[in-house]
S.K.: 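Supplied in C-alpha coordinates, the structure appears directly below.
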Amino acid sequence: MPVGVDGTLDAADEDNALVDARRSGEWLKEIRQSEVPPQLNRAVFVYDPRRGVVVLYGGDGSDDRTWEWDGETWSVVDESGPSLCGGAMAAYDPIRGYVLVLRGRGCDGLWAWDGASWFLVDDGSGWSDGAQPRR
(Lines give C-alpha, C1' and ligand atoms only; values in the text may rest on other atoms or scores of the structure.)
Protein backbone atom coordinates (compact mmCIF):
# COMPACT_ATOMS: atom_id res chain seq x y z
CA MET A 1 0.00 0.00 0.00
CA PRO A 2 1.71 3.23 -1.12
CA VAL A 3 1.93 5.71 1.73
CA GLY A 4 3.09 9.31 1.41
CA VAL A 5 5.83 10.93 3.49
CA ASP A 6 3.25 12.25 5.95
CA GLY A 7 1.60 8.84 6.36
CA THR A 8 -1.37 9.58 4.09
CA LEU A 9 -2.50 7.26 1.33
CA ASP A 10 -2.39 8.01 -2.36
CA ALA A 11 -5.93 8.76 -3.54
CA ALA A 12 -5.96 5.91 -6.09
CA ASP A 13 -5.19 3.33 -3.40
CA GLU A 14 -7.37 4.77 -0.68
CA ASP A 15 -10.46 2.58 -1.13
CA ASN A 16 -8.43 -0.63 -1.33
CA ALA A 17 -6.43 0.42 1.74
CA LEU A 18 -9.62 0.95 3.74
CA VAL A 19 -10.87 -2.52 2.84
CA ASP A 20 -7.47 -4.07 3.68
CA ALA A 21 -7.25 -2.18 6.99
CA ARG A 22 -10.73 -3.29 8.03
CA ARG A 23 -10.00 -6.94 7.17
CA SER A 24 -6.70 -6.99 9.03
CA GLY A 25 -7.97 -5.12 12.09
CA GLU A 26 -5.34 -2.38 11.67
CA TRP A 27 -6.13 1.22 12.57
CA LEU A 28 -6.16 3.70 9.72
CA LYS A 29 -6.51 7.45 10.27
CA GLU A 30 -9.33 8.65 8.08
CA ILE A 31 -11.21 11.85 8.79
CA ARG A 32 -12.06 13.71 5.63
CA GLN A 33 -14.24 16.49 6.86
CA SER A 34 -13.56 20.04 7.83
CA GLU A 35 -15.51 20.13 11.10
CA VAL A 36 -14.50 17.74 13.86
CA PRO A 37 -14.90 18.08 17.64
CA PRO A 38 -12.35 20.26 19.41
CA GLN A 39 -9.96 18.74 21.94
CA LEU A 40 -11.95 18.12 25.12
CA ASN A 41 -10.68 16.95 28.50
CA ARG A 42 -13.01 14.83 30.58
CA ALA A 43 -15.78 14.67 28.01
CA VAL A 44 -18.10 11.67 27.88
CA PHE A 45 -18.05 9.34 24.92
CA VAL A 46 -20.85 6.75 24.81
CA TYR A 47 -21.92 4.28 22.12
CA ASP A 48 -25.66 4.25 21.32
CA PRO A 49 -26.28 0.82 19.73
CA ARG A 50 -29.94 1.56 18.98
CA ARG A 51 -28.93 4.34 16.59
CA GLY A 52 -25.42 3.06 15.73
CA VAL A 53 -23.61 6.25 16.76
CA VAL A 54 -21.13 7.42 19.38
CA VAL A 55 -22.26 10.45 21.38
CA LEU A 56 -19.68 13.01 22.59
CA TYR A 57 -20.71 15.59 25.17
CA GLY A 58 -19.17 17.98 27.68
CA GLY A 59 -15.63 18.31 28.94
CA ASP A 60 -13.48 21.08 30.29
CA GLY A 61 -13.21 22.91 26.98
CA SER A 62 -15.36 25.75 25.73
CA ASP A 63 -17.51 23.66 23.36
CA ASP A 64 -20.90 22.75 24.82
CA ARG A 65 -22.25 21.19 21.65
CA THR A 66 -23.31 17.54 21.44
CA TRP A 67 -21.52 15.61 18.71
CA GLU A 68 -22.22 12.25 17.10
CA TRP A 69 -19.94 9.95 15.10
CA ASP A 70 -21.65 7.49 12.76
CA GLY A 71 -18.47 5.63 11.83
CA GLU A 72 -17.67 7.96 8.97
CA THR A 73 -18.75 11.50 9.83
CA TRP A 74 -18.86 13.79 12.86
CA SER A 75 -22.02 15.87 13.20
CA VAL A 76 -23.12 18.55 15.64
CA VAL A 77 -26.55 17.31 16.72
CA ASP A 78 -27.39 19.76 19.49
CA GLU A 79 -26.20 23.20 20.58
CA SER A 80 -28.58 23.85 23.48
CA GLY A 81 -28.27 20.89 25.83
CA PRO A 82 -27.27 20.88 29.49
CA SER A 83 -24.71 23.47 30.47
CA LEU A 84 -21.11 22.41 30.08
CA CYS A 85 -19.67 20.46 33.02
CA GLY A 86 -16.30 18.76 33.25
CA GLY A 87 -15.96 15.35 34.79
CA ALA A 88 -19.44 14.10 33.94
CA MET A 89 -20.26 10.39 33.94
CA ALA A 90 -22.31 8.67 31.27
CA ALA A 91 -23.85 5.34 30.33
CA TYR A 92 -26.26 3.94 27.78
CA ASP A 93 -29.70 2.85 29.05
CA PRO A 94 -30.71 -0.08 26.81
CA ILE A 95 -34.25 -0.26 28.26
CA ARG A 96 -35.17 3.31 27.29
CA GLY A 97 -32.63 3.80 24.50
CA TYR A 98 -31.13 6.93 26.05
CA VAL A 99 -27.61 8.11 26.74
CA LEU A 100 -27.66 9.16 30.40
CA VAL A 101 -25.30 11.83 31.71
CA LEU A 102 -24.75 12.54 35.38
CA ARG A 103 -23.25 15.98 35.18
CA GLY A 104 -19.87 16.79 36.69
CA ARG A 105 -18.36 19.19 39.19
CA GLY A 106 -20.62 22.01 40.28
CA CYS A 107 -23.59 20.73 38.29
CA ASP A 108 -26.59 18.85 39.53
CA GLY A 109 -28.89 16.53 37.72
CA LEU A 110 -29.24 13.47 35.58
CA TRP A 111 -29.86 14.24 31.91
CA ALA A 112 -30.85 12.01 28.99
CA TRP A 113 -30.13 12.29 25.26
CA ASP A 114 -32.68 10.49 23.08
CA GLY A 115 -31.00 11.26 19.78
CA ALA A 116 -33.12 14.34 19.16
CA SER A 117 -32.95 16.39 22.34
CA TRP A 118 -31.69 16.57 25.92
CA PHE A 119 -34.12 16.44 28.81
CA LEU A 120 -33.78 16.51 32.57
CA VAL A 121 -34.52 13.15 34.20
CA ASP A 122 -33.81 14.16 37.81
CA ASP A 123 -32.73 17.57 39.11
CA GLY A 124 -30.98 16.07 42.12
CA SER A 125 -33.15 17.83 44.68
CA GLY A 126 -34.26 14.54 46.23
CA TRP A 127 -30.78 13.05 46.48
CA SER A 128 -29.45 12.35 49.95
CA ASP A 129 -28.17 15.57 51.54
CA GLY A 130 -28.64 17.31 48.18
CA ALA A 131 -25.40 15.74 46.90
CA GLN A 132 -25.21 13.83 43.66
CA PRO A 133 -24.12 10.19 43.81
CA ARG A 134 -20.40 9.46 44.14
CA ARG A 135 -18.51 8.02 41.19
Side-chain angles (χ1 to χ4, degrees):
M1 157 173 41
V3 177
V5 174
D6 62 355
T8 59
L9 299 170
D10 294 335
D13 296 312
E14 196 167 3
D15 290 334
N16 289 335
L18 291 175
V19 170
D20 291 342
R22 288 184 181 132
R23 284 187 189 139
S24 69
E26 295 174 27
W27 285 95
L28 181 66
K29 182 178 181 180
E30 181 196 10
I31 297 179
R32 301 182 195 177
Q33 65 183 88
S34 60
E35 187 173 30
V36 296
Q39 291 181 350
L40 299 168
N41 292 321
R42 296 195 256 182
V44 295
F45 199 63
V46 179
Y47 181 63
D48 178 342
R50 179 179 55 92
R51 297 183 310 109
V53 297
V54 175
V55 179
L56 174 65
Y57 160 77
D60 290 337
S62 60
D63 187 352
D64 60 353
R65 297 176 289 176
T66 303
W67 294 79
E68 288 185 348
W69 170 256
D70 66 6
E72 295 187 19
T73 306
W74 281 107
S75 302
V76 174
V77 292
D78 187 82
E79 296 191 23
S80 61
S83 62
L84 192 63
C85 294
M89 296 170 279
Y92 179 74
D93 178 350
I95 305 290
R96 293 171 187 84
Y98 300 150
V99 169
L100 298 174
V101 174
L102 182 62
R103 298 186 333 143
R105 289 183 320 275
C107 301
D108 291 329
L110 176 65
W111 287 77
W113 171 251
D114 64 5
S117 61
W118 284 101
F119 58 93
L120 184 63
V121 175
D122 190 317
D123 67 4
S125 61
W127 296 345
S128 176
D129 298 327
Q132 69 183 22
R134 300 179 131 219
R135 292 178 188 247

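Fair warning: this is a prediction, and the values are worked out from it, not measured in the lab. Along the sequence shown, residues are numbered consecutively beginning with 1. Just the heavy atoms: all of them, side chains too, but no hydrogens, waters or symmetry mates, feed the values below.
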S.K.: Val46 and side chain to side chain contact (heavy atoms under 4.5 Å, CB included): which partner among Leu100, Val99, Val101?
M.R.: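 Per the side chain to side chain contact (heavy atoms under 4.5 Å, CB included) rule, the option paired with Val46 is Val99, out of Leu100, Val99, Val101.
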S.K.: With respect to Tyr98, which candidate in Phe119, Trp113, Tyr92, Trp111 satisfies the ring pair (Phe, Tyr, Trp, His ring centres under 6.0 Å) definition?
M.R.: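 That would be Phe119; it is the only one of Phe119, Trp113, Tyr92, Trp111 passing the ring pair (Phe, Tyr, Trp, His ring centres under 6.0 Å) with Tyr98.
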S.K.: Gly109 and Leu102: which non-hydrogen atoms are nearest, and at how many Å?
M.R.: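 Nearest heavy atoms, Gly109 then Leu102: O-CD1, 3.6 Å.
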S.K.: Taking atom CZ of Arg96 as the centre, report whether more than 12 heavy atoms of other residues, nucleotides or ligands fall under 6.0 Å from it.
M.R.: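 It does not: Arg96 CZ has 12 such atoms or fewer within range.
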S.K.: Hey, could you give me the CG/CZ distance between Asp114 and Arg50, rounded to the nearest 0.5 Å?
M.R.: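 These two atoms lie 7.0 Å from each other.
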S.K.: Look up atom OG1 in Thr66 and atom CG in Asp78, then write down how far apart they are to the nearest 0.5 Å.
M.R.: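 Atom-to-atom, Thr66:OG1 and Asp78:CG are 4.5 Å apart.
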S.K.: Please confirm whether the ring centroid of Tyr57 lies under 6.0 Å from the ring centroid of Trp118.
M.R.: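 Yes: the rings meet the under 6.0 Å criterion.
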S.K.: Give the minimum heavy-atom separation between Asp93 and Ile95, together with the two atoms involved.
M.R.: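 Closest approach of Asp93 to Ile95: OD1-N, 3.0 Å.
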S.K.: Can you tell me how the ring of Trp74 sits relative to the ring of Trp69, calling it parallel under 30°, perpendicular over 60° and tilted otherwise?
M.R.: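 Plane angle between 30° and 60°, so tilted.
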